[in-house]
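Both ligands and their constituent atoms are indexed starting at 1 by order of listing. Side-chain atoms are counted along with the backbone in the values below, which use heavy atoms only and exclude waters and symmetry mates.
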Amino acid sequence: MVLLRVSLVCLVATAIKAVPNANIKRQVTQLRSSYDFIIAGGGTSGLTVADRLTEAFPDKTVLVVEYGEIEYAPGVFDPPSTVWGGVGGFASFFTLPTLPNPEVNNRTGLVLAGQIVGGSSAVNGQFFDRGSRFDHDAWHELATAGDPSEEKWDWNGIFPYFKKSVTFTPPPASAVQEHGYTWDISAYGGTTPIYSSFPPFQWGDHQLLRDAWKELGVNDPVECNGGDKDGLCWIPVSSHPVTFRRSHSGLGHYAAVNTTRSNYDLVVKHQVVRVIYPNNNPKNGPPLVEVKSLIDGQLSNITSTGEVILSAGALHTPTILQRSGIGPDNFLNSADIPIIKSLPGVGSNFQDHSGPEVAWNYTTPLNVYPLPSEMSNPSFVTSATSSFNSIPATGPYTLSMSNSAIFLSLPSTTPNYHLIANKILSQLFSPETFLPSSLHSFPAIIQGYKHQLSVLASLYSNPHLPTLEVPFATGTSARAINLHPLSRGTVRLNLTNHLSLPVLDYRVGSNPVDFDVYIAHLEYVRKLINTTTLQALGAVEIAPGVERTDLKEAVKDSLIFSFMHPCCTAAMMPERFGGVVGTDLKVHGVEGVRVVDISVLPILPSSHTSATAYAIGEKAADIIIKEWRGGKGRGKGKGKGKGKSRRM
Ligand SMILES: Cc1cc2nc3c(=O)[nH]c(=O)nc-3n(C[C@H](O)[C@H](O)[C@H](O)COP(=O)(O)OP(=O)(O)OC[C@H]3O[C@@H](n4cnc5c(N)ncnc54)[C@H](O)[C@@H]3O)c2cc1C
Ligand SMILES: *[C@@H]1O[C@H](CO)[C@@H](O)[C@H](O)[C@H]1NC(C)=O
Ligand SMILES: *[C@@H]1O[C@H](CO)[C@@H](O)[C@H](O)[C@H]1NC(C)=O
Ligand SMILES: *[C@@H]1O[C@H](CO)[C@@H](O)[C@H](O)[C@H]1NC(C)=O
Ligand SMILES: *[C@@H]1O[C@H](CO)[C@@H](O)[C@H](O)[C@H]1NC(C)=O
Ligand SMILES: *[C@@H]1O[C@H](CO)[C@@H](O)[C@H](O)[C@H]1NC(C)=O
Ligand SMILES: *[C@@H]1O[C@H](CO)[C@@H](O)[C@H](O)[C@H]1NC(C)=O
């Protein structure tokens, strides 16, 4: 016991010695007495905003409060130590179990989220794609519901921010020749130090899979990040184009600028507990920010004179709001939290990408090289590591997970798509049937869900809006990802311990039409096995298995609840539609608080979510900068003077 303690102390001491520079703040006593902007969460969106605000306003101070650590050692999160199952330097994930899901035989799932400076961009799979123009047009329609709006979140309104958010470098001619990469440079053009590129490596069976998809009739567009996303897509990875080291917001929006921005402070190992309004008056903003040190447990209040920006991600932003008394009133009552603002959408409207598996086996050995099975061969791994450490980097570690996927609309996958669309339309008569009973008392939530269902019914009929994604790199299994689920879950704080991990109720399949969609997608993906390309190798279906007739049960057996794209828990929709923020990202009905992260999406896009999180950060920063430059500043723009002209 004593020995153990001693060695623990040594470990801690070593860890602290490893800190290269004392500028990273670890205690509230190291902070200024107040800040113009306080950002809760140093993740993908949060650090993007922090970078832009400190750049635009040298005279205004910005504090980022981050729960996790900062990456000290270069390479801790590079592929060799994460994607292939190695252990990073220290805990850098939140690992969250989900509640048992009744519609899926009470199975539970597991969700990860980044807990590190850089957030999920520092730990993710580096697949760096954008949604379809139709996703964003739908987002704007849901966000405004016909109301006039200064800010446009449709495709034309967000595309410039997608471009601005990343520096894309085309691959060298050798990689183009070897793999056939295509891109359209007009989808890019940014110069910020967040990088994307195409890897110089693909596995030996990759071309085989491409050929099989093409045999099924899937077209292969030149570019999928320019708004038109339909077919077999080459996806950039979020890596530096020469070193192929991971690019993430901690590097590009903090480490790249922090030495020249004396107005940019970052405190790590602190949890934002809640925001506190003086006299519990939500018009008295900006509120104080209560933080808890994860080093010594101390609580402190930090003063913001400008505004508070919540960027803790889709799983944690809603719990900060709930702890602050901003959320569904019936839930806040049960949690014994005084109500500051009843806002039932907080932590509701929870969505993620999910999907069942199709798997096959080849009865003829593949005569292609290399296959990932080589990663269990020590000499292959040694050579892969040295290729990765060369400049320019090459070899399997540059691929991260994958940079290919098919994206197909429902009409492209099933002739019966209109039956599914009609089923959705028939739900408009009683949308509440599919929502948690705890939300039935909120007409705004029901209205908002009804609006979503009608928009989704038209997306499901659109021949160019993907509903199915199948990412691939190699191998003999494929996931049929449902890009636009109709089911809605909840994120709520834990009633026994408000500061512990949030409670996730995925409610996968609670809207039964999702099963029709999973099955349509599954039946489509199975056809891959029957292509002459794969049949030439004697491909045999293993999952769900040709003999398996009850596909709904097969879906339930293999469904993955989360592709780590939780979203939509502080949705941008009008308050009368159950929304949490407006198109200016301000939380409805309270002063001085915005949400800037992936929580603000009303519905999931046809993409993984990191590029969208960066674009949200870029657009949010522009909105905030414009407002403070224009002198509108505080809250809803009707500031009462207090602090208004301060340092402007
Ligand atoms: C394992 C994994 C794989 C993924 N793979 C891909 C992929 O391949 N491609 C892709 O595009 N997307 C992927 N994603 C999703 C994508 O990375 C995220 O959607 C996106 O980065 C979210 O950005 P965000 O700003 O909303 O939140 P985050 O980037 O998660 O940032 C939230 C930050 O807030 C901090 N925080 C949380 N609570 C508090 C609190 N109370 N106080 C202070 N700080 C707090 C967290 O530590 C974190 O740093 C993946 C995600 C994960 C977890
Ligand atoms: C799921 O759990 C609930 C509550 O324990 C139970 O009533 C139900 O029968 C279970 N369903 C299945 C399919 O096991
Ligand atoms: C900038 O960030 C790096 C970590 O990426 C850190 O080592 C350094 O101390 C920081 N510098 C300043 C001035 O904050
Ligand atoms: C934070 O502010 C609240 C409200 O004024 C107060 O009740 C609380 O004691 C303060 N916390 C600390 C640590 O000062
Ligand atoms: C798949 O094929 C391999 C090699 O031919 C064989 O060893 C394995 O048993 C097969 N698996 C199944 C589930 O058929
Ligand atoms: C809530 O927190 C308590 C105490 O930390 C824990 O035992 C419990 O499992 C949590 N509940 C849920 C639903 O996660
Ligand atoms: C695949 O081909 C077999 C044999 O021709 C057939 O029975 C099966 O229905 C086909 N499956 C699919 C998904 O097309």
Which of these, Thr48, Thr612, Asp622, sits in a side-chain hydrogen bond (donor to acceptor under 3.5 Å, both in side chains) with Tyr161?
Asp622
For the pair Tyr188 and Phe168, name the ring-plane relationship: parallel under 30°, tilted 30 to 60°, perpendicular over 60°.
parallel
Check: Trp139 ring centroid to His136 ring centroid under 6.0 Å:
yes
Per-atom filter on ligand 4: closer than 4.0 angstrom to a heavy atom of Leu299 are 13 (C)
Between Asn105 (side chain only) and Arg107 (backbone N and O only), is there a donor and an acceptor less than 3.5 Å apart?
no
Which heavy atom of Val596 sits nearest to which heavy atom of Ala620, and what is that distance?
CG1-CB, 3.4 Å
Cation-pi check, Arg488 to Phe350: give yes when NZ or CZ is under 6.0 Å from the six-membered ring centre and within 45° of the ring axis, no otherwise.
no
Take atom CG of Asp336 as the centre, draw a 6.0 Å sphere, and report whether it contains more than 12 heavy atoms from other residues, nucleotides or ligands.
no
Geometric class of the Trp234/Phe198 ring pair [parallel <30°, tilted 30-60°, perpendicular >60°]
perpendicular
Identify all pairs of nitrogen or oxygen atoms, one from ligand 1 and one from the protein, separated by less than 3.5 Å, and list them with distances.
from: ligand 1; atom 1: 5 (N); to: Gly125; atom 2: N; distance (Å): 3.0
from: ligand 1; atom 1: 8 (O); to: Gly125; atom 2: N; distance (Å): 3.2
from: ligand 1; atom 1: 8 (O); to: Gln126; atom 2: N; distance (Å): 3.2
from: ligand 1; atom 1: 8 (O); to: Phe127; atom 2: N; distance (Å): 3.1
from: ligand 1; atom 1: 9 (N); to: Phe127; atom 2: O; distance (Å): 2.7
from: ligand 1; atom 1: 11 (O); to: Phe127; atom 2: O; distance (Å): 2.9
from: ligand 1; atom 1: 11 (O); to: Thr609; atom 2: N; distance (Å): 3.3
from: ligand 1; atom 1: 11 (O); to: Ser610; atom 2: N; distance (Å): 2.9
from: ligand 1; atom 1: 11 (O); to: Ser610; atom 2: OG; distance (Å): 2.6
from: ligand 1; atom 1: 12 (N); to: Ser610; atom 2: N; distance (Å): 3.4
from: ligand 1; atom 1: 17 (O); to: Asn124; atom 2: ND2; distance (Å): 3.1
from: ligand 1; atom 1: 19 (O); to: Thr609; atom 2: OG1; distance (Å): 2.6
from: ligand 1; atom 1: 21 (O); to: Thr44; atom 2: OG1; distance (Å): 2.7
from: ligand 1; atom 1: 23 (O); to: Thr44; atom 2: OG1; distance (Å): 3.2
from: ligand 1; atom 1: 25 (O); to: Thr44; atom 2: N; distance (Å): 3.4
from: ligand 1; atom 1: 25 (O); to: Ser45; atom 2: N; distance (Å): 2.9
from: ligand 1; atom 1: 25 (O); to: Ser45; atom 2: OG; distance (Å): 3.3
from: ligand 1; atom 1: 26 (O); to: Ile598; atom 2: N; distance (Å): 3.0
from: ligand 1; atom 1: 29 (O); to: Thr44; atom 2: N; distance (Å): 3.0
from: ligand 1; atom 1: 29 (O); to: Thr44; atom 2: OG1; distance (Å): 2.6
from: ligand 1; atom 1: 29 (O); to: Ser120; atom 2: N; distance (Å): 2.9
from: ligand 1; atom 1: 30 (O); to: Ser120; atom 2: N; distance (Å): 3.3
from: ligand 1; atom 1: 30 (O); to: Ser120; atom 2: OG; distance (Å): 2.8
from: ligand 1; atom 1: 41 (N); to: Val272; atom 2: O; distance (Å): 3.1
from: ligand 1; atom 1: 42 (N); to: Val272; atom 2: N; distance (Å): 2.8
from: ligand 1; atom 1: 44 (N); to: Tyr67; atom 2: N; distance (Å): 3.2
from: ligand 1; atom 1: 47 (O); to: Glu66; atom 2: OE2; distance (Å): 2.6
from: ligand 1; atom 1: 47 (O); to: Gly114; atom 2: O; distance (Å): 3.4
from: ligand 1; atom 1: 49 (O); to: Glu66; atom 2: OE1; distance (Å): 2.7
from: ligand 1; atom 1: 49 (O); to: Glu66; atom 2: OE2; distance (Å): 3.2
from: ligand 1; atom 1: 49 (O); to: Ile116; atom 2: O; distance (Å): 3.1

Please give the N or O to N or O pairs under 3.5 Å between ligand 2 and the protein, distances rounded to 0.1 Å.
from: ligand 2; atom 1: 2 (O); to: Asn106; atom 2: OD1; distance (Å): 3.4
from: ligand 2; atom 1: 2 (O); to: Asn106; atom 2: ND2; distance (Å): 2.3
from: ligand 2; atom 1: 11 (N); to: Asn106; atom 2: ND2; distance (Å): 3.0
from: ligand 2; atom 1: 14 (O); to: Asn106; atom 2: ND2; distance (Å): 3.3

Restricting to non-hydrogen atoms, name the atom on Lys229 and the atom on Asp129 that form the minimum distance, rounded to 0.1 Å.
NZ-OD2, 2.7 Å
Below 4.0 angstrom, N of the basic side chain to O of the carboxylate: do Arg274 and Glu290 qualify?
yes
Within a distance under 4.0 Å of any heavy atom of Asn301, pick out the atoms of ligand 4 and give their elements.
1 (C), 2 (O), 3 (C), 8 (C), 10 (C), 11 (N), 12 (C), 14 (O)
